[in-house]
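What follows is a single structure, written as structure tokens, with notes after it.
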There are 2 protein chains.
Amino acid sequence: MSNTNPDDKQLAEMFKALGNPHRLLIFQRLSNCCLPGTRCDLEQTMRFSVGQLGEGMEIAPSTLSHHLKELHRSGLIEMSRQGKRVDCWIDPAVLNRLAGFFYNPIENRLRGDRDVG
Amino acid sequence: MSNTNPDDKQLAEMFKALGNPHRLLIFQRLSNCCLPGTRCDLEQTMRFSVGQLGEGMEIAPSTLSHHLKELHRSGLIEMSRQGKRVDCWIDPAVLNRLAGFFYNPIENRLRGDRDVG
DNA sequence: ATTAGTATTCGACATATTTCGAACTTTAGA
DNA sequence: TCTAAAGTTCGAAATATGTCGAATACTAAT
């Protein structure tokens with residue numbers, strides 16, 4: 001498109017990445033701490049290895065790898081080899097950026113009144 | 001997938017809808033008020049007709065219609081015929097829900113310290 | 001009733017996405 | 001060095017998506 005700046009382009013890429021149920025689940029695993037069964041450490045972002053992220057999802061390793069690549073390419077997650085494994089995590093700035101997209105400060109006075117489940 | 005609840009399913013649908021640059025632009029037009037050239041009314045959500053939303057985007061009417069249908073099916077926008085036109089708008093609750101998804105209250109103490117562009 | 005404006009539906013086509021298995025790479029340990 | 005563990009890359013197949021034009025539907029005005 002002509003009227004799409006690079007910023008919006010990346011945003012669309014991120015949303016596209018989150019638009020797949022498998023990838024959304026992966027993203028949630030990385031962003032939600034303090035859930036049953038997980039340890040929550042406020043001093044550190046949540047890190048999971050590729051293998052851990054795929055647990056319970058019945059997809060082939062190659063498919064999992066593909067999805068993580070998409071998440072990374074869109075800018076949603078970071079990855080780095082740690083010995084035999086590859087660790088994944090979310091840069092908190094990404095969460096802020098995305099939350100900010102939906103949080104319209106102008107409309108907020110109105111929206112504050114209505115509760116949302 | 002087995003471990004995807006209906007809530008997450010709809011969330012994924014919404015993100016998928018926003019993952020297309022044309023649809024993202026439409027969504028932004030509906031969610032951003034107080035931009036140059038627009039009137040901002042805090043007492044009312046922004047409404048645009050289908051035709052207005054398509055202005056400047058070089059896509060066929062049928063394509064525009066298709067995109068709006070996707071946005072509506074995913075739950076992102078509301079639509080209602082108003083005479084000859086069809087008006088579109090965003091339920092503010094939707095914005096809250098989506099912002100809330102990225103806004104992890106537990107991690108917020110941390111994230112609050114780092115500024116994000 | 002006809003017409004013009006606004007938007008949707010349908011069918012078709014090109015492209016993109018999801019997924020897998022097989023083969024490969026990288027690392028740690030025996 | 002050989003092996004096992006953990007991921008990735010590649011190629012192929014099935015499915016989904018984005019796009020258009022032509023035909024259709026709905027509304028307001030003549």
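Chain naming here is simple, since letters A, B, ... match the order of the sequence lines and numbering starts at 1 in each.
In this structure, of D:dT17, D:dT8, C:dT8, it is D:dT17 that holds the atom nearest to the side chain of B:Lys16. Among the nucleotides C:dT19, D:dA28, D:dT17, the one closest to any side-chain atom of B:Lys84 is D:dA28.
OP1 or OP2 of C:dC20 lies within a sub-4.0 Å distance of a side-chain N or O belonging to A:Thr63. Taking only side-chain nitrogens and oxygens, A:Asn20 never comes nearer than 4.0 Å to OP1 or OP2 of C:dT17. Side-chain nitrogen and oxygen atoms of A:Arg81 include none within less than 4.0 Å of the OP1 or OP2 phosphate oxygen of D:dA6. Within the 4.0 Å cut-off from OP1 or OP2 of D:dT19, at least one side-chain nitrogen or oxygen of B:His22 is found. Contact between the side-chain N/O atoms of A:Arg85 and the OP1/OP2 oxygens of C:dT26 is not found at any separation under 4.0 Å. In terms of phosphate contacts, A:Ser65 brings a side-chain nitrogen or oxygen within less than 4.0 Å of OP1 or OP2 of D:dT8.
Across the protein-nucleic acid pair, A:Phe48 atom CZ and D:dG7 atom P stand 13 Å apart, rounded to whole Å. Summarising the geometry, the separation between CD on A:Glu70 and P on D:dT9 is reported as 12 Å, rounded to the nearest angstrom. Nucleotide D:dT17 holds its P atom 14 Å from the CG atom of B:Leu71, rounded to whole Å. As a whole-Å value, the separation of A:Arg73 CZ from D:dT8 P is 14 Å. Straight-line distance from the CG atom of A:Leu53 to the C1' atom of D:dT8: 15 Å, rounded to whole Å. Whole-Å rounding puts the A:Leu68 CG to D:dA6 C1' distance at 13 Å. In this structure, B:His66 places its NE2 atom 10 Å from C1' of D:dA16, rounding to the nearest Å. Distance A:Met57 CE to C:dT18 C1': 14 Å, rounded to the nearest Å.
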message: Is there a ring pair (Phe, Tyr, Trp, His ring centres under 6.0 Å) between B:Phe15 and A:Phe27? Walk through the geometry before answering.
response: CA-CA 12 Å; B:Phe15 289 135; A:Phe27 187 82; 8.1 Å; no
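One N or O on the side chain of B:Gln52 and one on the backbone of B:Ser49 form a donor-acceptor pair closer than 3.5 Å.
Sequence order on DNA chain C of the closest nucleotides to A:Gln82 and B:Val86 puts B:Val86 first from the 5' end.
The existence of a salt bridge linking B:Asp91 and B:Arg97 is excluded, since no basic side-chain nitrogen approaches an acidic carboxylate oxygen closer than 4.0 Å.
A:Ser62 contributes a side-chain N or O that forms a donor-acceptor pair with the base of C:dG21 under 3.5 Å.
Cluster annotation: B:Leu25 and B:Trp89 are assigned to distinct hydrophobic clusters (Ile/Leu/Val/Met/Phe/Trp/Tyr, side-chain heavy-atom contacts under 4.5 Å, transitive).
Residues A:Leu30 and A:Met46 approach most closely at O-CB, 3.5 Å, considering heavy atoms.
Residue B:His67 is classed as a sugar-phosphate contact, given heavy-atom separations below 4.0 Å to backbone atoms only.
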